[in-house]
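Remarks on the structure that follows.
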Amino acid sequence: MKSIVYIDHFKGEVQPASWEALGVAKSLGTAMAVALGTDLQAIAKQAFEFGADEVLLAEDPALQDYRAEPYAATLSALVASATPDAVLFPTTSRTRELAAMIAIDLKTGVLVDLIGLKSEGDKLIATRPIYEGKLMEQVTCSTKPVIVTLRARAFPRPARNEAASGTAGKTEVKTEALTTVEGYEVAEQTVNVADAGVIVSGGRGVSNNPSLTPPAGMDEKQAEIWRAHEGFKLVGELANVLGGAVGASRAAVDGGYIPYSHQVGQTGKVVAPDLYIACGISGAIQHIVGIRSAKLVVAINKDPDAPIFKVARFGVVGDLFQVVPALTEAFKKKLGK
Amino acid sequence: MKIVACIKQVPDSEAKVTASGGQISWGEAPLVINPFDEYAVEGALLQKEAVGGTVTALCIGPEAGKEALKHALAMGADDTILVSDPALNALDTQGAAQVLAAAIKKIGGVDMVMFGRQTLDDGSGLTAAQTARVLGWPMLGLVGHIKADGGSVTVSRVIEEGRQNVKANLPAVLSIVQSIGEPRYPSFMGIRKAAKATIPVWSLTDVGATAPAPSVTRSELITPPSREVVVDIIKGDSPAAIADQLADKILAEKVL
Ligand SMILES: Cc1cc2nc3c(=O)[nH]c(=O)nc-3n(C[C@H](O)[C@H](O)[C@H](O)COP(=O)(O)OP(=O)(O)OC[C@H]3O[C@@H](n4cnc5c(N)ncnc54)[C@H](O)[C@@H]3O)c2cc1C
Ligand SMILES: Nc1ncnc2c1ncn2[C@@H]1O[C@H](COP(=O)(O)O)[C@@H](O)[C@H]1O
């Protein structure tokens, strides 16, 4: 089977799930990696290292920023002329859109956010969670090429061979755009909780440390946010020692403690870390549906009846302001940091 | 400004969903407006308040879809359309996009179409971009803030890396996320208006479309094995003692 793999990146920084998609393509047959943007040579080199048989680049100033229309048009034209059996994407904010649009251009269908993919003859059978993970379905696409997006961390990342290299080809660029990018407000740290191996999350509980005195002159809401930021510092320090990302409940996001991109759950991100530590999170169903695929869940909550303990493997009933820093210290020692 | 909000009806997220004999069931649980689509309606109402105009809620679905449309009316939408046709039972997202695009053209003079991010049932977060593509309109995905004036719109898109601010000419398609603001509760007046409303129903012929053949079909439903976890509550004399034990137990699971 011949596949095209879309390498998703932001300003040259590749979303690592792209390499997982490349690994899946290789297991199905031959893999051509494609990347769109400017200055893509470093990405091309990485694609060879992760096993691409061929690499094709669309480089043009018009593609400097991700924009739906020129990206979709360029990709559709490339796929139409290369006639692969399948086009594989990692699932990210950009690729859901791109996969959706090229399916319309190419009169085919998309199998989206998959956690399993196998071939039977020349047919691809995909598995995906539905109804918030309460069920799974197997789906197929009767038209070619089959377009799929693969959930981050659901497939193994292929080994990297730093010695591998090759010459990337060029492809024609479609520059017609319907939008202009006015700018970015880039977060201090990019957070893709969907791709993190360890997540330490904070909830409403991080905002109520009674032993802190907020600076004078703050109103009640400002004081609450100040307390919450102090609380999230503790969460962040634990995440740091474990090399993980910081997540949050919706109550923490709605409270203005942390940006929406950190939110885990139904209206936030679905995550699949090896370790998820919930601090001061009650465990509402809408939060739990986001962490069903976590391998090990740990909960720290002062309420022994909090529903989060029903889905946690290890729990501590206690004050997070004492337990979280103590856990950070314990890991520092044990991990030799 | 003429704004359309596309909404769907889904089982409540508290529902226990089960599969048997290839059929999905959610027991007695109520059907509700897809939670993400409440943000689409909220975004549409905020725009209407900012620049004037009308909000039409649009749904493809069976009779039951009328309840979702009534919820939108109660929130403040001006009118509603249900596209309902037995031929639409096996739509995939590509097909839904074709039918929505045809209905939007039929409504006529539309400036902005608001979608939710994803449907909670078998949703895939594809329909908005596919509808935009069929219409040939700009796609502004994952929008957390909107500023429209006259012929153009500037939005702030919530992406993994932060925010991307993008401008496009109208008409345009937007998908709306939670950062837009909490969806308003239906007002008392709104609920009364909704209760009395008759929802116009369009057939495929009314829309002027033919039933698209699906590319994507389900071959099997699987009930995931339930993961019964029994929590091991770690106790100790001090936070340090608890943390020491907990760290050892986590390390023993070899997840780091
Ligand atoms: C349509 C819809 C979509 C939603 N989507 C999401 C979503 O995507 N993600 C999400 O998270 N929620 C979502 N929610 C909200 C969800 O229902 C809950 O309201 C939310 O998850 C609660 O967040 P929380 O656990 O941080 O806050 P709370 O429920 O208030 O819990 C705070 C917890 O902190 C504990 N605590 C307090 N102080 C301490 C302390 N010092 N030490 C230890 N523990 C402490 C308390 O015991 C309590 O259990 C959604 C709701 C709806 C209706
Ligand atoms: N049957 C439908 N009727 C109207 N709008 C829909 C329908 N299905 C999906 N949508 C819209 O498309 C968005 C994305 O849906 P999906 O691609 O199915 O996840 C939803 O949030 C709705 O705004």
Side-chain angles (χ1 to χ4, degrees), chain A residues 10 68-69 92-93 96-97 100-101 103-104 108-113 130-132 134-143 178-187 190 192 242 260-261 266-267 274-275 285-286 295-296 298 309 311-318 322-323 326-327 330-331 334, chain B residues 13-14 17 19 24 35-36 92-94 97 120-122 124-126 129-130 133-134 138-142 144 154 158-168 177-179 215-224 229 231-234 239-240 242-244 246-247 249-251 253 255-256:
Chain A
F10 179 75
E69 289 79 18
T92 69
S93 65
R96 261 189 215 263
E97 207 167 272
M101 291 169 92
I104 296 293
T108 183
V110 190
L111 310 176
V112 75
D113 208 18
I130 54 174
Y131 290 83
E132 303 172 86
K134 291 168 191 164
L135 295 176
M136 309 268 200
E137 67 173 0
Q138 281 194 342
V139 277
T140 55
C141 177
S142 58
T143 42
L178 300 177
T179 58
T180 43
V181 175
E182 309 247 288
Y184 293 90
E185 294 149 51
V186 178
T190 69
N192 186 3
L242 300 174
Y260 170 56
S261 44
Q266 185 193 94
T267 42
D274 296 321
L275 172 61
I285 178 77
Q286 295 91 351
K295 286 210 185 90
L296 181 68
V298 176
F309 289 122
V311 296
R313 176 74 188 87
F314 300 124
V316 177
V317 178
Q322 297 185 4
V323 178
L327 194 55
F331 275 119
K334 292 177 200 286
Chain B
S13 79
E14 310 273 344
V17 180
I24 297 174
F36 292 106
D92 61 11
T93 61
Q94 289 71 229
L120 271 195
D121 46 8
D122 47 7
S124 44
L126 300 172
Q130 295 190 316
R133 201 67 178 163
V134 175
M139 174 62 207
L140 303 167
L142 308 175
T154 306
V158 182
I159 58 173
E160 283 89 354
E161 295 82 10
R163 298 236 181 180
Q164 187 194 38
N165 299 324
V166 182
K167 186 172 179 174
V177 295
Q178 189 186 303
S179 312
S215 290
V216 176
T217 45
R218 176 183 295 150
S219 54
E220 207 180 318
L221 275 172
I222 307 157
T223 308
V229 284
V231 63
D232 174 3
I233 298 283
I234 318 261
I242 293 171
D244 189 66
L246 177 56
K249 293 204 175 197
I250 292 172
L251 290 169
E253 296 282 327
V255 288
L256 289 176

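The sequence lines fix the lettering, A, B, ..., with proteins before strands; numbering per chain opens at 1.
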Counting heavy-atom pairs closer than 4.5 Å to chain A, which one of B:Thr93, B:Leu120, B:Leu140 comes out on top?
B:Leu120
Could you go through the side-chain contact (heavy atoms from CB on, under 4.5 Å) check for B:Thr217 and A:Val139 one step at a time?
CA-CA 6 Å; B:Thr217 45; A:Val139 277; over 6 Å; no
Looking at CD1 of B:Ile24 and CD of A:Glu137, how far apart are the two atoms once the value is rounded to the nearest 0.5 Å?
7.0 Å
Does any part of the side chain of A:Val316, heavy atoms only, come nearer than 4.5 Å to the side chain of B:Ile233, both counted from C-beta?
no
Taking all atoms of both residues into account, what is the closest heavy-atom pair of B:Ser215 and A:Thr108, and its distance?
OG-C, 3.9 Å
One should read off an interatomic distance between B:Lys249 NZ and A:Phe314 CZ, to the nearest 0.5 angstrom, of 6.0 Å
Do other residues, nucleotides or ligands put more than 12 heavy atoms under 6.0 Å from the NZ atom of A:Lys334?
yes
Below 4.5 Å from any heavy atom of chain B, which atoms of A:Gln286 appear? Answer side chain, backbone, both or neither.
side chain
Most contact-rich option vs chain B, by heavy-atom pairs under 4.5 angstrom, among A:Leu242, A:Asp274, A:Leu111, is A:Asp274
Rounded distance [0.5 Å steps], CD in A:Glu185 versus CD in B:Glu161:
13.5 Å
Kindly give the heavy-atom pair with the smallest separation between B:Ser13 and A:Glu132, and that separation in Å.
CB-OE2, 3.2 Å
Taking side chain as everything from C-beta outward and backbone as N, CA, C, O, which of these in A:Phe309 sits under 4.5 Å from a heavy atom of chain B? Side chain, backbone, both or neither.
both
B:Glu253 portion near chain A, given a 4.5 angstrom heavy-atom threshold
side chain
With rounding to the nearest 0.5 Å, note down the distance linking CE in A:Met136 to CZ in B:Arg218.
13.5 Å
Can you say whether A:Val112 sits under 4.5 Å from chain B via the side chain, the backbone, both, or neither, judging by heavy atoms?
side chain
By a 4.5 Å heavy-atom criterion (distance strictly below it), what part of B:Ile159 contacts chain A: side chain, backbone, both, or neither?
both
Quick one: pull up CD in B:Glu160 and OG1 in A:Thr92 and give me the separation to the nearest 0.5 Å.
5.0 Å
Where A:Gln322 and B:Pro239 come nearest, the two heavy atoms and their spacing
OE1-CG, 3.3 Å
Part of B:Asp122 within contact of chain A (heavy atom distance under 4.5 Å)
both
With only heavy atoms counted, which part of B:Leu142 is less than 4.5 Å from chain A, the side chain, the backbone, both or neither?
side chain
Given the options B:Val231, B:Val229, B:Val166, B:Leu221, which has more heavy-atom pairs under 4.5 Å with chain A than any of the others?
B:Val231
For A:Val298, which atoms come within 4.5 Å of any heavy atom of chain B: side chain, backbone, both, or neither?
side chain
Indicate the atoms forming the closest heavy-atom contact of A:Phe331 with B:Ala247, along with that distance.
CZ-CA, 3.8 Å
If you tally heavy-atom pairs under 4.5 Å against chain B, which of A:Val311, A:Thr267, A:Ile130, A:Leu296 wins?
A:Thr267
Under 4.5 Å from any heavy atom of chain B - which part of A:Leu135:
both
Heavy-atom distance under 4.5 Å to chain A: side chain of B:Ile242, backbone, both or neither?
side chain
Decide yes or no on side-chain contact (heavy atoms from CB on, under 4.5 Å) for B:Leu256 and A:Leu275, but give the supporting numbers first.
CA-CA 8 Å; B:Leu256 289 176; A:Leu275 172 61; 3.7 Å; yes
Could you check B:Met139 against A:Glu69 for side-chain contact (heavy atoms from CB on, under 4.5 Å), going step by step and ending with a plain yes or no?
CA-CA 8 Å; B:Met139 174 62 207; A:Glu69 289 79 18; 3.8 Å; yes
Pair count under 4.5 Å, heavy atoms only, with chain B: among A:Asp113, A:Val110, A:Val323, highest is A:Val110
Nearest heavy atoms of A:Ala103 and B:Gln94, plus distance in Å:
CB-OE1, 4.2 Å
Side-chain contact, heavy-atom cut-off 4.5 Å: B:Lys167 with A:Thr179?
no
To the nearest 0.5 angstrom, please state how far the CG atom of B:Asp121 sits from the NZ atom of A:Lys134.
10.5 Å
Is the shortest heavy-atom distance from the side chain of B:Arg163 to the side chain of A:Tyr184 under 4.5 Å?
no
If one checks every heavy atom of B:Thr154 against chain A at 4.5 Å, the contacting part turns out to be side chain
I'd like to know which of B:Gly162, B:Gly141, B:Ala243 tops the heavy-atom pair count under 4.5 Å against chain A.
B:Ala243
